[in-house]
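Read the structure below first, then the notes.
When a residue number appears, it is its place in the shown sequence, counting from 1.
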Amino acid sequence: MAAEELVHIGTVTEVSEGRARVRFTRTAACKRCGACLSAGDKEMETCADDKVGVKVGDRVVVSLKSSSMLIATTLCYAIPLALLLIGTYIGSLFSDVWAVCLGLGSCAVSYIILRLIERRLRNSRRFTPIINSIVTEEDEDE
């Protein structure tokens, strides 16, 4: 694993067709990310590509490239914010009402576009975590 990867250890809860659902303890860094499905306040779940042949109950090391996480964060937060500000600025050239309408409208349009792009990105597997290894009891003792 390279140093530029985000790494978590979790437990496999489901396996099917080369993919596995993994449950993690939520860390402070993950608290507000939203990339994984929430499984309560203290846990989260995600689907990962199974490259090592795991089974339900295995403790596994899961990684995601930091660059992928940065791109996803930019897509989800920076682009809608930028469009909100641009729409608000353009609308303010006409009136306050236009500023509000164009700001919110452009932000809403950005989320619709992101939703359409999401399907294509999901199929590319660029943002899919990968199971790198199964954690043995000796590994957990270290």
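- In the hydrophobic clustering of ILVMFWY residues, with side-chain heavy atoms under 4.5 Å counting as a link, I130 and V135 come out apart.
- Listed by chain and number, the residues in a side chain to side chain donor-acceptor pair (under 3.5 Å) with S110 amount to none (sequence neighbours excluded).
- When all heavy atoms of V7 and S63 are compared, the closest pair comes out as CG2-CB, 4.1 Å.
- Taking CZ of R23 as the reference point, atom OG1 of T46 lies at 12.0 Å (rounded to 0.5 Å).
- No chain of hydrophobic side-chain contacts below 4.5 Å, direct or via other Ile, Leu, Val, Met, Phe, Trp or Tyr residues, connects I90 to L84.
- Of all the heavy atoms in C47 and P129, the pair that sits closest is O-CD, 3.5 Å.
- I79 and L85 fall into different hydrophobic clusters, where Ile, Leu, Val, Met, Phe, Trp and Tyr residues are linked whenever their side-chain heavy atoms come under 4.5 Å apart, directly or through other members.
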side-chain contact (heavy atoms from CB on, under 4.5 Å) evaluation trace for L102 with T88: CA-CA 6 Å; L102 284 180; T88 301; over 6 Å; no

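- Listed by chain and number, the residues in a salt bridge (Lys or Arg N to Asp or Glu O under 4.0 Å) with D58 are K55 (sequence neighbours excluded).
- Taking CG from D50 and CG from N132, the interatomic distance works out to 11.0 Å, rounded to the nearest 0.5 Å.
- Annotation: side chain of Y77 is not in contact with side chain of L81 (no heavy-atom distance under 4.5 Å).
- Scanning both residues, C107 and P80, for their nearest heavy atoms gives SG-O, 4.0 Å.
- Within a 6.0 Å sphere centred on CZ of F94, heavy atoms belonging to other residues, nucleotides or ligands number 12 at most.
- Of the inter-residue distances, the one linking K51 atom NZ with R19 atom CZ reads 10.0 Å to the nearest 0.5 angstrom.
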Let me see the working for I134 and V54 under side-chain contact (heavy atoms from CB on, under 4.5 Å), right down to the final yes or no. CA-CA 7 Å; I134 299 172; V54 301; 3.9 Å; yes

Candidate pair T13 and E45, rule side-chain contact (heavy atoms from CB on, under 4.5 Å), full reasoning: CA-CA 9 Å; T13 60; E45 270 188 359; 3.8 Å; yes

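- Screening I9, T11, V62 against F24 for a side chain to side chain contact (heavy atoms under 4.5 Å, CB included) leaves a single residue, V62.
- In plain terms, the two heavy atoms of C76 and Y111 that are nearest each other are O-OH, 3.7 Å.
- Linking Ile, Leu, Val, Met, Phe, Trp and Tyr whenever their side-chain heavy atoms come within less than 4.5 Å leaves L104 and L114 in two separate clusters.
- Following chains of ILVMFWY side-chain contacts shorter than 4.5 Å, one cannot reach L83 starting from V100, and the two form parts of different hydrophobic clusters.
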